[in-house]
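The structure appears right after this line, and notes come after that.
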Amino acid sequence: SLRDQEEKQVVFNLKAGDGIGKLVFQLQVSGNNQVCKYQEELSLRPPVPLTHDLASGVITAKEPLTLELNRKWLPGTASYQLILAPLPALKFAGSLQYLLGYPHGCVEQTTSKLFPLLYFDSLAEACESEVFKGGNANYYLAQGIEKLEAMQSPDGGFVFWPGGNYVNEWSSVYTAHFLVEARKAGYTVSDRVYNRMIRYLETLTKNTGRSEFNLQIRTYALYVLSLAGKPQLSAMSYLKNLYLDNLSGYSRAQLAAAYFYAGDRKTARELLPEGFTPSAGVRESGRNFNSPVRSDAIILSALADIDPSHPAVYKLIERLSEEAKVGYWGTTQENAYALMALGKIMAQKSEGKYQGEVWAGNTRIATFNSDKLFKLEDDRLGRDKITVKISGTGECYYFMKSSGISAEADLREFDNGLEVRTIYRDRQGRPINTSQIKQGDLVIAQLTITTRQDNLNNIAVVSMLPAGLEIENPRLANNSN
C-alpha cells in the first residue's frame, strides 16, 4: 500500500519452470476509486540450443534395424524423422543437412551448399524440407547461381565475400567447377559470366609458379577446362612432363581426369598410380583449403570417372566413411567433395527389391517398399523401441534424426581445434560475478582465442550474449559517424 504522494519500488523474484513459450506478466493497482492494469509479455527460452541426434546405416533382410532413442527433450520441442530408401547416399544425409543449414555465405560456402544438389536434389528436399519452403531444390539452385554470378570480379574470378574485392584463386576455380557442372546439368548460367570465367581459368593455367599451392591451382583449372570441353593440351603436357613428381596425390588424380575428359583415356590411366597413400597434413583454413579428407574425396571422384574398379577405391571409401562418424565431415568443402565422390561411386550400385515395416514397440506404424524414398515423421518414434524389418533382396538405407531442446540444462563443454574463453569485467577491468549484474551496469566481455595450429584464416567466432544483456555500440551514440 502507498500513502498519498508516496513512491516505492517493488521487486518481484520469479523462477521460470521447465519448457518454452510465452510468459505473461499482469500488474494491477487500485486506489482512490481508480484501477490501473499493465501487461508485459516475455519469451521463455531454455539455456541450451536446439540439438540434433543423427543415426544412419544399412538394413537387410537378415539384419533388421533396432533403435531406441534415449535423449529426453523438453515437452513441445521434440520432432522425429525417419527416411528409408534404396539409395546408398542416404547414409550421408547428415552431411547434406550440415551443408544446407550452414549459416555463413562466402563464395566457397555458397558453392559447397549448391554442389551436392546437382546430384541429390530429391534426397536434399526430403532431409531438409524447411530450407525449400516456397520452392524446390531447382529453385534453390537457380537462386544460388544468381548469387555466385553477382560475386564475379572483373578479371573473371569470384570475390570471397559479397561486396568485397579479395579473390581466392582456389575458391574461384571451385566455383567455376560448379558452374560448369550446373550448365551441363541444364541450369542457366549467363554467357557473360561463363565466358569471362573460362578466360580466367585459362590465365591461371599459364602461371609459371612452381610452389605446391600454385601447381594445385593450375592442375585444378586444367581439370575444369577439360570438363568444360576446352582442354589445354599444351599446359597439361607441360605439367605431366616437367612437374609430375611435384604434384600432390589429388593433383595427379585431377591431371589424369583432365586427360580423361580431353578424350585421352590411355594417358589418364597411365597417370594413376596403383595405390594412393593416405593424405598427410592438417586441415587448412586459408590459401587452397587443403585437408586429408578433401584430398581423398578428390582422388575418389577422379577414380570414379576414370577407373571405378581401381584397387584404391575401396580404401578411399573406407577412409571417408571413417571420418564421418558423426554423420558429416569437418568443413563445408570436405562435405561437398565427399558427397560428390561417394555419389558417383554409389550411383553404380544396383538397387534391390524389397518391402518393409516400421514398428514402434508392438505397434506397426508404417509400411514401405523400394519403389521410392519413404519419409516418416511420427512422435511415436521417440516413445518406444523402433524396429525396421525388410523382406526381399538388396539393401535398405536409413537416416534417423531426433531433434529438440534437451531437458538436461548442462551441456558438455569441449574444445575442438580452438579454445574460446569469455571473461566478464566491470568498467575498471575487474572480473565480476555474473549472477550479481544489475540493470544499467556496463559489462565488458573479454574473449580470448587460442589455436592449436600455427596459422588460422577465415575464422568466425559466434559468441552468444547471456539473456538480459545488449551490445552497447558507441558509434551509434550520435549521428557524427
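Screening Leu148, Leu179, Thr175 for a side-chain contact (heavy atoms from CB on, under 4.5 Å) involving Leu114 leaves a single residue, Leu148. Each of Phe160, Tyr337, Tyr223 was evaluated against Tyr174; a single residue qualifies, Tyr337, per the ring pair (Phe, Tyr, Trp, His ring centres under 6.0 Å) test.
Looking at heavy atoms from C-beta onward, Arg427 lies out of side-chain contact with Ile444 at the 4.5 angstrom threshold. Here the side chains of Leu447 and Val461 are in contact, with some heavy-atom distance below 4.5 Å. Between Glu212 and Asn246, the closest side-chain pair of non-hydrogen atoms is not below 4.5 Å. Side-chain contact between Ile317 and Leu300: present, with at least one pair of heavy atoms (C-beta onward) separated by less than 4.5 Å. In this structure, the side chains of Pro116 and Leu96 come closer than 4.5 Å at one or more pairs of heavy atoms. Counting heavy atoms from C-beta on, the side chains of Ile365 and Arg380 come closer than 4.5 Å. The side-chain heavy atoms of Asp415 and Arg421, taken from C-beta on, include a pair separated by under 4.5 Å. Leu381 is listed as a side-chain neighbour of Leu376, based on a closest heavy-atom distance under 4.5 Å.
Inspection of the Gln34 and Ser30 side chains reveals no N or O donor paired with an N or O acceptor under 3.5 Å. Of the N and O atoms on the side chains of Ser402 and Trp73, at least one donor lies less than 3.5 Å from an acceptor on the other residue. Between the side chains of Asn335 and Tyr102, no donor-acceptor pair of N or O atoms lies under 3.5 Å. Glu377 and Ser79 share no side-chain donor-acceptor pair at under 3.5 Å. For the 3.5 Å distance criterion, the side chains of Lys344 and Ser301 qualify, holding a donor opposite an acceptor. Glu202 and Tyr200 share no donor-acceptor pair across their side chains, judged by distance under 3.5 Å alone.
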**Request:** Go through Thr203 and Leu201 one step at a time and tell me if the side-chain contact (heavy atoms from CB on, under 4.5 Å) criterion holds.
**Result:** CA-CA 5 Å; Thr203 301; Leu201 295 178; over 6 Å; no

**Message:** Checking Leu239 against Thr219 for the side-chain contact (heavy atoms from CB on, under 4.5 Å) test, could you report, in this order, the C-alpha distance in whole Å, the side-chain angles of both residues, the deciding distance, and whether it holds?
**Reply:** CA-CA 8 Å; Leu239 284 184; Thr219 308; 3.6 Å; yes

**Request:** Take Gln446 and Thr422, measure what side-chain hydrogen bond (donor to acceptor under 3.5 Å, both in side chains) needs, and give me the verdict at the end.
**Result:** CA-CA 6 Å; Gln446 177 185 354; Thr422 304; over 6 Å; no

**Request:** Report the C-alpha separation of Arg183 and Tyr194 in whole Å, then their side-chain angles, then the decisive distance to 0.1 Å, and conclude whether the side-chain hydrogen bond (donor to acceptor under 3.5 Å, both in side chains) test is met.
**Result:** CA-CA 9 Å; Arg183 176 175 269 203; Tyr194 193 86; 5.1 Å; no

**Prompt:** Stepwise, does the side-chain hydrogen bond (donor to acceptor under 3.5 Å, both in side chains) test hold for Arg294 with Asn290?
**Reply:** CA-CA 7 Å; Arg294 196 193 68 180; Asn290 287 309; 2.8 Å; yes

**Request:** Tell me, with the steps shown, if Tyr250 and Gln216 meet side-chain hydrogen bond (donor to acceptor under 3.5 Å, both in side chains).
**Result:** CA-CA 9 Å; Tyr250 77 80; Gln216 288 169 353; 3.2 Å; yes

**Prompt:** Checking side-chain contact (heavy atoms from CB on, under 4.5 Å) for the pair Gln26/Lys37: CA distance, chi angles, key distance, verdict?
**Reply:** CA-CA 7 Å; Gln26 293 180 330; Lys37 296 181 179 180; over 6 Å; no

**Request:** Take Gln81 and Met400 through the side-chain contact (heavy atoms from CB on, under 4.5 Å) test and state the conclusion after the steps.
**Result:** CA-CA 6 Å; Gln81 182 187 77; Met400 179 73 194; over 6 Å; no

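Ring centroids of Phe289 and Trp170 are separated by 6.0 Å or more, keeping the two rings apart.
Nearest heavy-atom pair, Glu181 versus Leu227, reported as atom, atom and distance to 0.1 Å: OE2-CD2, 3.5 Å. Heavy atoms only, all atoms of each residue included: Met197 and Gln152 are closest at N-NE2, 3.5 Å. Nearest heavy-atom pair across Ser153 and Val167 is OG-CG2, 3.8 Å. Looking at every heavy atom in both residues, Ile145 comes nearest to Phe178 through CG1-CE2, 3.9 Å. Contact record, Thr332 with Glu108: OG1-OE2, 2.8 Å, taken as the closest heavy-atom pair. The two residues Ser171 and Val107 have their closest heavy-atom pair at CB-CG1, 3.8 Å.
At least one donor-acceptor pair under 3.5 Å links the side chain of Thr77 to the backbone N or O of Leu74. Looking only at distances, no side-chain donor or acceptor of Asp426 sits under 3.5 Å from a matching main-chain atom of Ile432. Between the side chain of Glu318 and the backbone N or O of Lys315, no donor-acceptor pair lies under 3.5 Å. With hydrogens and angles disregarded, a donor-acceptor distance shorter than 3.5 Å links the side chain of Asn207 to the backbone of Gly209. Between the side chain of Ser172 and the main chain of Phe158, a donor-acceptor pair closer than 3.5 Å is present.
Distance check, rounded to the nearest 0.5 Å: CH2 of Trp329 to CG of Leu339 gives 5.0 Å. Note that CG of Asn168 and SG of Cys106 are 9.0 Å apart. Values are rounded to the nearest 0.5 Å. With values rounded to the nearest 0.5 angstrom, Asp296 atom CG is found 5.5 Å from Leu316 atom CG.
Asp245 meets the salt bridge (Lys or Arg N to Asp or Glu O under 4.0 Å) test with no other residue; sequence neighbours excluded. Under the rule for a salt bridge (Lys or Arg N to Asp or Glu O under 4.0 Å), the partners of Asp53 that lie at least two apart in sequence or sit in another chain are Arg71.
Salt-bridge annotation for Arg283 and Glu334: present, with a side-chain N of the basic residue lying under 4.0 Å from a carboxylate O of the acidic one. Classification of Lys22 and Glu41 as a salt-bridged pair holds, one side-chain N sitting under 4.0 Å from a carboxylate O. Salt bridge annotation for Arg196-Asp191: absent, with no cationic side-chain nitrogen under 4.0 angstrom from a carboxylate oxygen. With respect to Arg383 and Asp378, no salt bridge is recorded, no charged nitrogen being found less than 4.0 Å from a carboxylate O. Ion pairing between Glu149 and Lys147 fails under the 4.0 Å rule for side-chain N and carboxylate O.
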